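Atoms within a ligand are numbered from 1 in the order they appear, just like the ligands themselves. No experiment lies behind these values; they were computed from the predicted model shown.
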Amino acid sequence: MLTARPPGRSCGSLQRWLLSAALLLGLRLCVELRRAGYGPPARRGPPELPPPHLLPAPGPPHGASRRQVTYVRSRRRALPGGAGRVTPEPSCCAPRGRPGRKGPRWHIELQPWAGPAQSLDEEASRFLSYISTTQIACDHMGTDSLATDSIPAKKPWLVCLDDRFGLAHQIRNKQCRLYSLGLGSDDIRFEVSMANDGCEVHRFDPSVKSAHVLESEHLWHHRLSVDWRDPHPAVAAQKPHSNTRKLGSILNEFGHHKIDVLKADLESAEWKVLENLILEDVLEQIGQLIFEIHLHWPGFEVSGSDSSVVRFWYSLLKELERKDFRLFHSYKDLSKPQLFLKKDVFNASSCYTLSWVNTRWK
Ligand SMILES: *[C@@H]1O[C@H](CO)[C@@H](O)[C@H](O)[C@H]1NC(C)=O
């Protein structure tokens, strides 16, 4: 199942193939965009910049197909109460994603409001209790995997090593693969110890010095930043080595079909990345998820009223549950500012680390 094919080998033909695929895709996209009357997708600023305050895209215009372009600056009037992109309401009659349907979805389904007032209080209370309540018991949780580390881990990156979930078995057979998505983080103890246990570890971080570095037998560093969209085809054609990619594209590029553990600390890009993994069904290829989530502001390209932002976050996590992921660990980081959407309210932290296990993982 797991072929440890170091990326970089056989790159020539792969790159040629990717290039032509990108060009084809670009052409197709241009035609579609023109037909739908949309401009080019908006670009995301670097993480240090304040969030681009994008208007939520409106619902599908009359007669238009549902193939909406997700990342669009629109001059049209925004729907009230939207966050992220908004499913038109009422959603009773909108065509829903049929189970088993193939091909990308364009919207996640928003959960009903937490209460009749559609207030921040109601939304926050539902959301915070949701992320603080584990959904499945894990008897053997590993910090830093199976290794005995004398220095206590700074962050509780925990995997579930219960036999029923298969990860322990994969580690014993040296058949596990960890993807770690980061933005300039230098704490890689979790990655190092997973690699020491024999896992194939791929760390993605735009601050890595060169394109692909093999640090030790099992530990790769890649100068790639995982995003929720691929570069615009026109940009990709000029800069085939652009270092921003969707996770699904990286998996294709590396020829990987499965990730046993996906760790992500994306400094507020996690919401859009998670949305992308849901919309493109990449979650099915992942065994366990460890995400650091950030609550001090809505996150990159998430906008709307405070209550609708929280409803959007909640809806994303409910999608995980729908995909048979169960929360087995929740860690509230008390060392970070205790801020929730810029306010010191609800006794919330701005930062939580959440671990889920895919209960269908084999
Ligand atoms: C606030 O959070 C801290 C840390 O989780 C907890 O110990 C404390 O009991 C909470 N306070 C209230 C009033 O809920």
Sorted by chain and residue number, the side chain to side chain contact (heavy atoms under 4.5 Å, CB included) partners of E122 (sequence neighbours excluded) come out as A114, P116, A117, S119
Taken in chain and number order and not counting sequence neighbours, the residues that satisfy side chain to side chain contact (heavy atoms under 4.5 Å, CB included) with S349 are K332, D333, K336, Q338, C351, Y352
For atom 9 (O) of ligand 1, what is the nearest protein heavy atom, given as residue, atom name and distance?
N347 ND2, 4.7 Å
From K209 atom NZ to R223 atom CZ, the distance as rounded to the nearest 0.5 Å
10.0 Å
Would you confirm whether any non-hydrogen atom of the protein falls under 4.0 Å from atom 11 (N) of ligand 1?
yes
Could you list which atoms of ligand 1 come closer than 4.0 Å to a heavy atom of K332?
1 (C), 2 (O), 3 (C), 4 (C), 5 (O)
Side chain to side chain donor-acceptor pair (under 3.5 Å) with K323: which of N358, D281, T359?
D281
